[in-house]
Amino acid sequence: MSLIESLIAAVLGTNGDGLVMHVGERPFVLSPSGSSDLSERPLTIEAMDDVLTDLLSDEDQRTLRDVGAVEKELTIPEAPDDRFVLVVARGGDDIWIELRRQRGSGRFRRDQPAAPAAPPMPFAQPLSLSSISAPRGPADGASEQAAGGRRETPLRESQPGVVLPLARSQIRTDSGRSTPTLSARRLGLGRLLRIAAARGASSLYLMAEARPTVRIEDDVVPLDDEPVLGTAEVESLILEVAPGAGREAPVGDSGVEWVCDLPEVGRVRCLRFRDQRGPGAVFRLIPTRVVSADQLGLSRDIQALCAADDGLIVLAGPRRSGKSTLASALVDQINRTQTGYIISLESEIKFLHENRKAIVSQREVRSESGAMLAQARAALREDPDVLVIDDLKTADLTALALDAADSGRLVITTMTARTTTAALARLIASAPSERQAQVAAALSESLQGAVAQVLLRKSGGGRVAAREVLFNTPSVAALLAEGKVAQLPLAIDADRKHGCVPMNDALLAFVQSGAVDAREAYRQADNRAALVEQLRREGIDTSFVERLA
């Protein structure tokens, strides 16, 4: 029996609706009675690579590398009225495979009689890793005769698909009502959003007199295969997903915003606007799966911050540097390893957390800083163990966070700053001058650590995060208590043995490994002169600095 036949048998044998395989997790079948694991061990990247070799042709694997997703339709004699769709998605070492069963939608071939209904194929024992990675037999891909009478499973390749967990729950809006669920198969916008998701885009832009455009990492790229949209076409696409007030064109400068849940894409934040050309919209794709600390490559020292019972963790970085992703990974780490109550106050919910060991309540605060302060005060009355605040923009919010950290809660916050020193200096400076010494003293007591992150373009494509790490060592605490924030870089340099990492050390390591070009590291460095000196000491060519001068 081939691998695909084994997977289909697993679905049929449990009267299931689908099967899911994902790196780092155990494969499972989802059925009306719940889910059942097919293996006692999680799948490794090596095992999943073997699965891809078994399931996909060379052409399909090239499509997977180029597009990021492949979708294939299958029909089998054992369930002639059902249709099976195999969907594969890959991003680096993150591989997701789904085998979806659509009941009663099979198609019969006209050149042969329909096969009689057959009972479900037996699946007596859990699927083992060895059976997953078993090589294909010599009859794979051969004709029915070459296979010794076994009928070949006919395949029909369709458009690249996007993969989402089968058990994903319906998203609910703040008002408690279900968000609109749409049939992506009949929507032109759904097709565009699936293309955007398959290419790893975070946003889709629609504007009159322009092609649909996507944002992939820092690049905004038009979809060249799509036609230029007219005013009426943009309006029609927006109306496909606009509920209630979203159907009305915005009158003022502020747009109309809503959230919808789109099958095969996930949660999408929609912002409608009108410019000099006419109607337009931005659709932001919200990941339904949180990126873990291990997937982000967070060091054990950074992950250890999550084990603290109380104190303040500051996450910093410039715009679009992945601060929200970093904060989400820390929340996920706590959620997976500890019990407790986590409240996350976010200006925009970008990642959705399910309750695991802990209870996670995410609340979107889309207003002025006063609203964030009011929400934070209300959250503290619920006695959370962990409080996440999107940004400490005001002195009152900073004071509340420090009081919460001092009273036995772990507080995590994000800030826009290029370095840990700049982030802590901004926290202190947010207070009135007469209170700044008090805030600095409170920081010296409550701070657990700070991480500043910048994203670098890799030499071979993609991006990688360089992180500066500061822990509240005795020398750091002393400098904060004395208000000598400007001297913190010296303490970070001196406290490498305690896990502190200067940003230039992180940048240098990527250059030495060949992952990042020296010019890219120089562009992202805060102390460029010091980085150039380090590069020269390591024998790395820095002549580009003279050309840039």
Side-chain angles (χ1 to χ4, degrees), residues 24-25 42 165 167-169 171-172 174 176 286-296 298-316 322-365 372-392 397-415 427 442-443 445-451 469-472 499:
E25 299 178 7
R168 181 166 50 89
S169 59
I171 308 303
R172 300 186 67 84
D174 292 338
I286 303 173
T288 55
R289 291 177 51 243
V290 176
V291 181
S292 71
D294 287 335
Q295 288 173 320
L296 279 186
L298 298 184
S299 67
R300 294 302 174 190
D301 288 332
I302 295 177
Q303 294 188 39
L305 289 171
C306 301
D309 294 326
D310 56 15
L312 178 67
I313 301 174
V314 178
L315 308 176
K323 298 186 295 294
S324 297
T325 306
L326 182 57
S328 176
L330 295 188
V331 170
D332 178 67
Q333 181 75 4
I334 298 171
N335 189 20
R336 289 174 179 273
T337 59
Q338 303 174 42
T339 59
Y341 182 29
I342 304 170
I343 298 179
S344 181
L345 307 178
E346 307 170 41
S347 59
E348 180 179 315
I349 294 177
K350 298 178 180 177
F351 299 90
L352 300 174
H353 293 273
E354 298 179 357
N355 293 337
R356 295 183 183 273
K357 279 196 170 183
I359 301 173
V360 184
S361 174
Q362 295 176 259
R363 304 165 191 186
E364 192 162 278
V365 186
M372 181 67 80
L373 179 62
Q375 289 280 351
R377 285 172 173 165
L380 288 177
R381 289 195 289 272
E382 299 175 36
D383 193 25
D385 300 285
V386 180
L387 178 64
V388 183
I389 304 177
D390 204 4
D391 198 346
L392 301 183
L397 203 52
T398 299
L400 178 144
L402 289 172
D403 287 344
D406 186 57
S407 64
R409 296 178 176 87
L410 183 62
V411 180
I412 302 173
T413 187
T414 62
M415 300 189 66
L427 278 179
L443 266 177
E445 295 287 339
S446 299
L447 182 69
Q448 285 288 347
V451 180
V469 184
L470 175 149
F471 293 108
N472 196 12

Any chance you could lay out the side chain to side chain contact (heavy atoms under 4.5 Å, CB included) test for Val469 and Ile302, step after step, and finish with the verdict? CA-CA 8 Å; Val469 184; Ile302 295 177; 3.8 Å; yes
Could you tell me if the side chain of Leu392 sits less than 4.5 Å from the side chain of Leu427, heavy atoms only? yes
With a 4.5 Å heavy-atom cut-off, do Leu330 and Leu305 have their side chains touching? no
Set of side-chain contact (heavy atoms from CB on, under 4.5 Å) partners for Ala308, sequence neighbours left out: Leu410, Gln448
Glu445: what forms a salt bridge (charged side-chain N to carboxylate O under 4.0 Å, His left out) with it, not counting sequence neighbours? none
Among Leu397, Leu447, Leu443, find the one that has a side chain to side chain contact (heavy atoms under 4.5 Å, CB included) with Leu402. Leu443
Return yes if some donor-acceptor pair links the side-chain N/O of Asn355 with the main-chain N/O of Val360 below 3.5 Å, else return no. yes
Test side-chain contact (heavy atoms from CB on, under 4.5 Å) applied to Gln303 - qualifying residues, sequence neighbours left out: Ala293, Asp294, Leu298, Arg300, Gln333
Backbone of Leu345 reached by a side-chain donor or acceptor of Asp390 within 3.5 Å: no
Shortest non-hydrogen pair, Ala376 vs Ile389, comes out as CB-CD1, 4.4 Å
Closest non-hydrogen atom pair between Asn335 and Arg356, with its separation: OD1-N, 3.2 Å
How long is the span from the CD1 atom in Ile349 to the CZ atom in Arg363, to the nearest 0.5 Å? 10.5 Å
Those residues at least two apart in sequence (or on a different chain) that pass side-chain hydrogen bond (donor to acceptor under 3.5 Å, both in side chains) with Thr339 are none
Kindly state each residue pair satisfying salt bridge (Lys or Arg N to Asp or Glu O under 4.0 Å) with at least one member in residues 330-348, sequence neighbours excluded. Arg269-Glu348, Arg284-Glu348, Asp332-Arg336, Glu348-Arg366
So which pairs with a foot in residues 398-412 pass salt bridge (Lys or Arg N to Asp or Glu O under 4.0 Å), sequence neighbours left out? Asp383-Arg409
So, for Val411 and Ala404, which heavy atoms are closest and what is the spacing to 0.1 Å? CG2-CB, 3.8 Å
From the options Lys323, Lys350, His353, select the one residue that forms a side chain to side chain donor-acceptor pair (under 3.5 Å) with Ser328. His353
Please test Ile412 against Leu315 for side chain to side chain contact (heavy atoms under 4.5 Å, CB included), starting from the C-alpha separation and ending with a verdict. CA-CA 8 Å; Ile412 302 173; Leu315 308 176; 3.9 Å; yes
Tell me the closest heavy-atom pair linking Asp385 and Gly340, and the distance in Å. OD2-CA, 3.3 Å
To the nearest 0.5 Å, atom OG of Ser361 lies from atom CG of Leu387 at 10.5 Å
Please name all residues satisfying side-chain hydrogen bond (donor to acceptor under 3.5 Å, both in side chains) with Thr413, sequence neighbours left out, ordered by chain then number. none
So which heavy atom on Pro384 is nearest to which on Ala379, and how close? CD-O, 3.2 Å
Taking only residues two or more places apart in sequence or in another chain, which ones pass side-chain contact (heavy atoms from CB on, under 4.5 Å) with Thr325? Val291, Leu296, Phe351
Those residues that, when tested against Ser446, pass side-chain hydrogen bond (donor to acceptor under 3.5 Å, both in side chains) (two or more places apart): none
Contacts of type side-chain contact (heavy atoms from CB on, under 4.5 Å), residue Ala399, not counting sequence neighbours: Arg435
With rounding to the nearest 0.5 Å, note down the distance linking CG in Asn472 to CD1 in Ile313. 12.0 Å
Are Val451 and Leu326 packed together at the side-chain level, in the sense that at least one heavy-atom pair is separated by less than 4.5 angstrom? yes
Suppose we screen for side-chain hydrogen bond (donor to acceptor under 3.5 Å, both in side chains). Which residues come up paired with Asp391, at least two apart in sequence or across chains? Arg426
